[in-house]
There are 2 protein chains.
Amino acid sequence: MINKEELIKKLKLKNFKLTRQRLEIIDEILNFNGHFEIEDLVFKSREKNLKASRSTIYRTLAILKDLGYIEEVIKLNNKTFYEVANKEHHDHLICLSCGKIIEFHDEKIESIQNEVCKKYNFKPVYHRLEIFGICKDCQKKEKV
Amino acid sequence: MINKEELIKKLKLKNFKLTRQRLEIIDEILNFNGHFEIEDLVFKSREKNLKASRSTIYRTLAILKDLGYIEEVIKLNNKTFYEVANKEHHDHLICLSCGKIIEFHDEKIESIQNEVCKKYNFKPVYHRLEIFGICKDCQKKEKV
DNA sequence: CTGGCTGCAAAAACTTTGCACCTCA
DNA sequence: TGAGGTGCAAAGTTTTTGCAGCCAG
């Protein structure tokens, strides 16, 4: 579990400045406690008068992504959904009808992936498994 | 294995017109025999004087995607890589250094995914598993 | 003939960048 | 103080769309 202090320490170590904007963005994404998009942050920023510009949000997310603190977990309709990498790794079921996102983790899938990589002498850095489909609730609605 | 005739029959059935542009785009993507991007098609179109505009390419790919004949298999750097869905389903290893794409198929991963979906009463439509990392050759180069 | 399709250009949506000014350390 | 960060506006990318004219069926 990544906490704010740990993250701040790492940023200092890498000679990143701890500006007001960066700290505010970090607070926000830790608060999300789930998936978020760039525009969610822009909205929060405005709502709370945080005043971090869209450019700064993009730039900060790029840094956090490079450092491995956030991941691009879902790509849908040319939008990117991020997630703080502070839990056990997991993958996603995404409902094409209502947009609901369900997280799941399966150790077997992870280990098979590692086997596959070994077979090809491929050094994995990160992966993304997205299963798109129709969730339980939307299946019910379709039948009506 | 999807062939052109089958695809054309299906398009007729769905009341899509078989325009010169559509037939040419279909020819091209069947020729690719692998992954391709929109811009690859635009380029081929110009090179061969096929004269299908970028708009038409986008619109045709959307139709083929809806019909399940092509899939968006890789999302990298805000680009979409497509693939004709005419082989056994497979997933991809993508080298972050040289861009090489390696296909793999693992039946175990597929069946575990189905189990996961059942568990959540989720009706899968399609999925995408991308493993990003460093390929064999690029690992060697890095060591130098 | 006519509804669907195309090309064009314009716009929309998302992301990056140049630059002057600002601020953390 | 100064290197790095920020905001703004502008530009770059990728994708969608409105519309007039075209063409497959």
Side-chain angles (χ1 to χ4, degrees), chain A residues 4 7-29 35-46 48-67 70-82 99, chain B residues 4 7-29 35-46 48-67 70-82 99:
Chain A
K4 201 178 157 185
L7 176 44
I8 288 176
K9 211 178 288 177
K10 182 95 163 231
L11 286 173
K12 272 185 188 161
L13 214 72
K14 298 258 178 182
N15 285 320
F16 286 109
K17 288 189 177 168
L18 298 174
T19 60
R20 178 176 56 76
Q21 290 89 333
R22 282 184 183 159
L23 293 172
E24 286 168 345
I25 291 169
I26 290 169
D27 275 344
E28 277 312 319
I29 67 177
H35 316 91
F36 61 90
E37 295 175 62
I38 298 273
E39 291 311 308
D40 292 334
L41 279 177
V42 174
F43 182 78
K44 283 274 180 192
S45 178
R46 287 198 183 135
K48 298 201 170 179
N49 266 319
L50 302 187
K51 287 181 262 160
S53 70
R54 185 177 270 102
S55 304
T56 296
I57 291 173
Y58 270 100
R59 288 189 271 230
T60 301
L61 290 191
I63 291 169
L64 297 178
K65 187 186 152 203
D66 283 350
L67 294 180
I70 58 174
E71 293 173 359
E72 297 181 345
V73 290
I74 296 171
K75 291 279 191 174
L76 181 61
N77 297 333
N78 303 313
K79 281 185 186 169
T80 301
F81 291 76
Y82 291 87
Chain B
K4 201 178 157 186
L7 177 43
I8 288 176
K9 212 179 286 176
K10 182 95 163 232
L11 286 171
K12 271 186 189 163
L13 214 74
K14 298 257 179 182
N15 285 320
F16 286 110
K17 288 190 176 166
L18 297 174
T19 61
R20 179 177 54 75
Q21 290 87 337
R22 281 184 184 159
L23 292 172
E24 286 168 346
I25 291 169
I26 289 169
D27 274 344
E28 276 314 318
I29 67 177
H35 317 90
F36 62 90
E37 295 176 63
I38 297 275
E39 291 310 310
D40 292 334
L41 279 178
V42 174
F43 182 78
K44 284 273 181 194
S45 178
R46 286 196 185 138
K48 298 199 172 181
N49 265 318
L50 303 188
K51 287 181 261 158
S53 71
R54 186 177 269 104
S55 305
T56 296
I57 292 172
Y58 271 100
R59 289 189 269 229
T60 301
L61 289 191
I63 292 170
L64 296 178
K65 187 186 151 200
D66 284 349
L67 294 180
I70 59 172
E71 294 173 357
E72 296 181 344
V73 291
I74 296 170
K75 292 279 191 174
L76 181 61
N77 297 331
N78 302 313
K79 280 186 187 171
T80 302
F81 292 76
Y82 292 88

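Naming: A, B, ... by sequence-line order, numbering from 1 per chain. All of these numbers come straight from a predicted model, not from anything done at the bench. As a basis for the values below, the full set of heavy atoms in this structure was taken, side chains included, without hydrogen atoms, waters or symmetry mates.
Other residues, nucleotides and ligands contribute only 12 or fewer heavy atoms inside 6.0 Å of the CZ atom of B:Arg46.
Nearest heavy-atom pair, B:Ile8 versus B:Leu23, reported as atom, atom and distance to 0.1 Å: CD1-CD2, 3.7 Å. Residues B:Lys51 and B:Ser45 approach most closely at N-OG, 3.5 Å, considering heavy atoms. In terms of heavy atoms, B:Ile63 sits closest to B:Arg22 at CD1-NH2, 3.5 Å.
In this model, a side-chain donor or acceptor of B:Arg59 finds a partner on the base of C:dG7 within 3.5 Å. Side-chain N/O atoms of B:Ser55 and base N/O atoms of D:dT15 include no donor-acceptor pair closer than 3.5 Å.
Taking only side-chain nitrogens and oxygens, A:Gln21 comes nearer than 4.0 Å to OP1 or OP2 of D:dG7. Side-chain nitrogen and oxygen atoms of B:Thr56 include at least one within less than 4.0 Å of the OP1 or OP2 phosphate oxygen of C:dG7. In this model, the phosphate group of C:dT15 is approached by a side-chain N or O of A:Thr80 to a distance below 4.0 Å at OP1 or OP2. At the phosphate of D:dT16, neither OP1 nor OP2 sits under 4.0 Å from any side-chain N or O atom of B:Tyr58.
The separation between A:Glu39 atom CD and C:dT15 atom C1' is 11 Å, rounded to whole Å. A:Ile74 places its CD1 atom 18 Å from the C1' atom of C:dC14, with the value rounded to the nearest Å. Rounding to whole angstrom units, CG of residue B:Leu23 and P of D:dG25 are separated by 9 Å. Across the protein-nucleic acid pair, B:Leu18 atom CG and C:dC5 atom C1' stand 12 Å apart, rounded to whole Å. A:Asn78 has its CG atom 11 Å from the C1' atom of D:dT13, to the nearest Å. Summarising the geometry, the separation between CD1 on B:Ile57 and C1' on C:dC8 is reported as 14 Å, rounded to the nearest angstrom. As a whole-Å value, the separation of B:Leu61 CG from C:dC5 C1' is 15 Å. As rounded to whole Å, 14 Å separates atom C1' of D:dT14 from atom CG of B:Leu76.
DNA chain D is contacted by both A:Thr19 and B:Lys79; A:Thr19 maps to the nucleotide lying nearer its 5′ end (nearest heavy atom per residue). Positionally, the nearest nucleotide of DNA chain D for A:Lys17 lies more toward the 5' end than for the other of A:Lys17 and A:Thr60.
Among the nucleotides C:dT15, D:dT6, C:dT6, the one closest to the side chain of A:Arg22 is D:dT6.
No side-chain donor-acceptor contact under 3.5 Å links B:Thr80 to the backbone of B:Glu72.
In this structure, B:Arg20 reaches neither bases nor backbone, as no heavy-atom distance under 4.0 Å exists between it and the strands shown.
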